[in-house]
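Inspection log for the structure reproduced underneath, given as structure tokens.
Below, all heavy atoms of this structure are taken into account, side chains as well, without hydrogens, waters or symmetry copies. In this text, all values refer to a predicted model and were calculated from it rather than measured experimentally.
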Amino acid sequence: AAGPLDVVVVVRGPDAEMTVRKKERVAGIWINNHGVVMRGISGYYYVASTRPLSLIAPQDTLKRYGLGLDEVSPLGTTARTPEIAEPYRKALVRHKLIEGLYNENTGGVEFLSPTLFRARVPVPAAVPRGQYTVQVYLFRNGNVVSAQSTPLYVDQTGMERRLFNFSREFPWAYGFSTVLMAAFMGWLSSFMFRRTS
């Protein structure tokens, strides 16, 4: 009787500093010219909802809680005005969508019972490591009636983690070992596939 319930799940983080550059044609050559640095923008952003966000709440409410790809914004930029930064922000969101690091899934939350719901969150291989925040909002009649925030940590384990640590702690040894391994693999392949004359 009080109105239908909607759930919105947002996974975002870790915040990073990213530079977005504009390609311009100079003397017949395309080069990266003007750039805007965006500070404190999410490296990963995923939002899932029971139905389209525009049907769940008005735009000012979505803006207040940062819900939806249109509301992903940095904490600060090097642009003089927000109007100058806006095309660069939109270009960054488009690029992250192509990479699979930003996504909006309408209907991605399903109720299993009146008090239980499920949302699947895709984690691509290129996802940045660090601390994420999972926020769950319960809406009724366009208003947030309940919200919960939970930290989530993403990290590498096993051989990937050991190789990553080795490359950071001993960069010269890592570079030398990769060159040696490439030379050995080249020699091995030429030995195995050489033709007998």
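- Using a 4.5 Å cut-off on side-chain heavy atoms (C-beta onward), T78 and R39 make contact.
- Residue I56 holds its CD1 atom at 11.0 Å from CG of L5, rounded to the nearest 0.5 Å.
- Proximity of a side-chain donor or acceptor of S167 to a complementary backbone N or O of Y174 within less than 3.5 Å is not detected.
- Clustering of Ile, Leu, Val, Met, Phe, Trp and Tyr by side-chain heavy atoms under 4.5 Å joins F176 with L180.
- Judged as a side-chain contact (heavy atoms from CB on, under 4.5 Å), and not counting sequence neighbours, the contacts of T133 are Q135, S149.
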Note to self: Determine whether Y65 and V8 satisfy the following criterion, side chain to side chain contact (heavy atoms under 4.5 Å, CB included), listing intermediate values before the conclusion.
What the structure shows: CA-CA 11 Å; Y65 292 99; V8 178; over 6 Å; no
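- For V20, the side-chain contact (heavy atoms from CB on, under 4.5 Å) partners are Y88, A91, L92, not counting sequence neighbours.
- Sorted by first and then second residue, the pairs that involve residues 69-83 and meet salt bridge (Lys or Arg N to Asp or Glu O under 4.0 Å), not counting sequence neighbours, are K63-E71.
- Taking both residues in full, the closest heavy atoms of L101 and P124 are given as CD2-CG, 3.8 Å, listed atom of the first, atom of the second, then distance.
- Between P14 and Y132 the shortest side-chain heavy-atom distance falls below 4.5 Å.
- Residues V127 and L163 do not share a hydrophobic cluster, clusters being chains of Ile/Leu/Val/Met/Phe/Trp/Tyr side chains in contact below 4.5 Å.
- Looking only at side-chain heavy atoms (C-beta outward), T77 and R89 stay at 4.5 Å or farther from each other.
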Check: Stepwise, does the side chain to side chain contact (heavy atoms under 4.5 Å, CB included) test hold for M18 with K96?
Finding: CA-CA 12 Å; M18 301 179 196; K96 293 289 185 182; 3.6 Å; yes
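- Under the 4.5 Å side-chain heavy-atom criterion for grouping Ile, Leu, Val, Met, Phe, Trp and Tyr, L55 is not connected to L69 through any hydrophobic cluster.
- Looking at residues two or more places apart in sequence or on another chain, you find a side-chain contact (heavy atoms from CB on, under 4.5 Å) between L116 and L112, S113.
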Under 3.5 Å, which donor-acceptor pairs do the side chains of residues 40-50 form with other protein atoms, sequence neighbours left out?
| unit_1 | atom_1 | unit_2 | atom_2 | d |
| --- | --- | --- | --- | --- |
| Y44 | OH | P122 | O | 2.4 |
| Y45 | OH | G66 | O | 2.9 |
| Y45 | OH | G68 | N | 2.9 |
| Y46 | OH | N105 | ND2 | 3.1 |
| Y46 | OH | R120 | O | 3.1 |
| S49 | OG | R51 | O | 2.7 |
| T50 | OG1 | D6 | OD1 | 2.7 |

